[in-house]
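Computed from a prediction, not measured in an experiment: that's the story for all the values here. Letters A, B, ... are given to chains in the order of the sequence lines, protein chains preceding strands, and every chain is numbered from 1.
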Amino acid sequence: MTPVRPEFAPDPSLSRAEMEELQRDLAAEALFEDDFEFDPASISASAGDSTQTTLGGSAPDESSDGSPGDSGETTAPIVAGVDQAFAADGEKAVSAIVASRGGEVVERVHAVEPTEIPYIPGLLSFREGGAILSAFEELSVEPDLAVVDGSGRIHFRQAGIATHVGVMLDLPAIGVAKNLLCGRPAESLDDYLREGERVPIEADDSVTAPEGTVIGHAYQSRQYDNPQKRHVNPLYVSPGHRVSADTATDLVGRLCAGYKLPEPTRLADQFADEVKAEVGD
DNA sequence: GCGACAG
DNA sequence: ATCTTGTCGC
């Protein structure tokens, strides 16, 4: 697919001030509310899975006629997992996208581009965004949702890489990061979170959003039985575009299948490594 | 100057 | 992100 908002292209030759201005303008176009057609309940990590982690011990609700697999499997949404990798001492940026529907891979595409600028916290889009957009150009199917590695709204100017990609393509997007860029957890994350738990990440004075605005969540996608001895760090999920913070985390929860990272991300991770190996590690 | 920082 | 063997635990 091609960007519908090319004016926001992450040009790495811009000055730092221009990059930040572009991010503020782009964030103004981002929608941090649900605005998509598919039913969130039709999102699953694998075919025929009802393997949802504890969300509060809700009662089983089968609002269907009982016919096998009627939870919208005929038109299950296509989710695009996006991940980056670098090769040749960081000289080349590899972007890999794996599109899947109900856990079934339907297409894999990639792009390799020379690295223009170094990694700068807050300006990741200008280092990896170009390669991601190039990879999306190669994608023939129309994804319903993109799961991008990195932050979305959890960003100084609410314009993380997931937001950048989502707005440019006008595609619902979610950012999934392994580390927190900014913002303040509503409660200490030092206390072990149990699988399925989420803690709001609020805007502090480093974020261009009203103080206290929930810009994402720390989400415990996986946890060991005895956290006292061994524990897993949570994921940091945030809206990229056309998704609310709550729904973004709900969707990521539905896309996880026993591992810390959601399946779309794992698939893209794996593919990125394959491409990197072929290109020249 | 101090602190803090996705991939 | 990347460099890397063994190793602890379920």
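- The side chain of K276(A) places an N or O atom within less than 4.0 Å of a non-bridging phosphate oxygen (OP1 or OP2) of dT2(C).
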request  = In sequence, state the C-alpha distance, the side-chain angles, and the governing distance for E263(A) and S100(A), and then conclude on side-chain hydrogen bond (donor to acceptor under 3.5 Å, both in side chains).
outcome  = CA-CA 9 Å; E263(A) 290 306 294; S100(A) 57; over 6 Å; no

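- Here dG7(B) presents its C1' atom at 11 Å from CG of D269(A), a figure rounded to the nearest Å.
- In this structure, CD of Q158(A) is placed 18 Å from P of dA6(B), rounded to the nearest angstrom.
- The number of heavy atoms from other shown groups lying within 6.0 Å of NZ (K260(A)) is above 12.
- Heavy atoms of L123(A) sit under 4.0 angstrom from at least one base atom.
- Side-chain atoms of E113(A) and S134(A) form a donor-acceptor pair, as typed in the model, at a separation below 3.5 Å.
- In this structure, L261(A) places its CG atom 13 Å from C1' of dG7(B), rounding to the nearest Å.
- No contact: G175(A) has no heavy atom under 4.0 Å from any strand.
- No donor-acceptor distance shorter than 3.5 angstrom exists from the side chain of T247(A) to the backbone of S244(A), with no hydrogens or angles considered.
- Taking atom CG of residue L180(A) and atom C1' of nucleotide dG7(B), one finds them 14 Å apart after rounding to whole Å.
- A side chain to side chain contact (heavy atoms under 4.5 Å, CB included) with R127(A) holds for exactly one of T115(A), I161(A), I120(A); it is T115(A).
- In the model, D35(A) has no side-chain atom that pairs as donor or acceptor with a side-chain atom of H241(A) under 3.5 Å.
- No engagement by A162(A) is indicated, since no non-hydrogen atom pair under 4.0 Å with the nucleic acid exists.
- Under the side chain to side chain contact (heavy atoms under 4.5 Å, CB included) test applied with V79(A), the options L251(A), V98(A), I43(A) reduce to a single match, I43(A).
- At a threshold of 4.0 angstrom between heavy atoms, the contacts of I154(A) with the nucleic acid are absent.
- In this structure, N179(A) reaches the dG7(B) phosphate: one of its side-chain N or O atoms is under 4.0 Å from OP1 or OP2.
- In this structure, L181(A) places its CG atom 5 Å from C1' of dA6(B), rounding to the nearest Å.
- As rounded to whole Å, 11 Å separates atom P of dC5(B) from atom CG of D204(A).
- If you measure from atom CD1 of I117(A) to atom C1' of dG7(B), you get 12 Å, rounded to the nearest angstrom.
- At a threshold of 4.0 angstrom between heavy atoms, the contacts of F156(A) include nucleobase atoms, whether or not backbone atoms are also involved.
- Look at CZ on R127(A): it is 12 Å from P on dA1(C), rounded to the nearest Å.
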Please write out each protein N/O paired with an N/O of nucleotides 6-10 of chain C under 3.5 Å, distance rounded to 0.1 Å.
residue	atom	partner	partner atom	Å
dC8(C)	O2	R230(A)	NH2	3.3

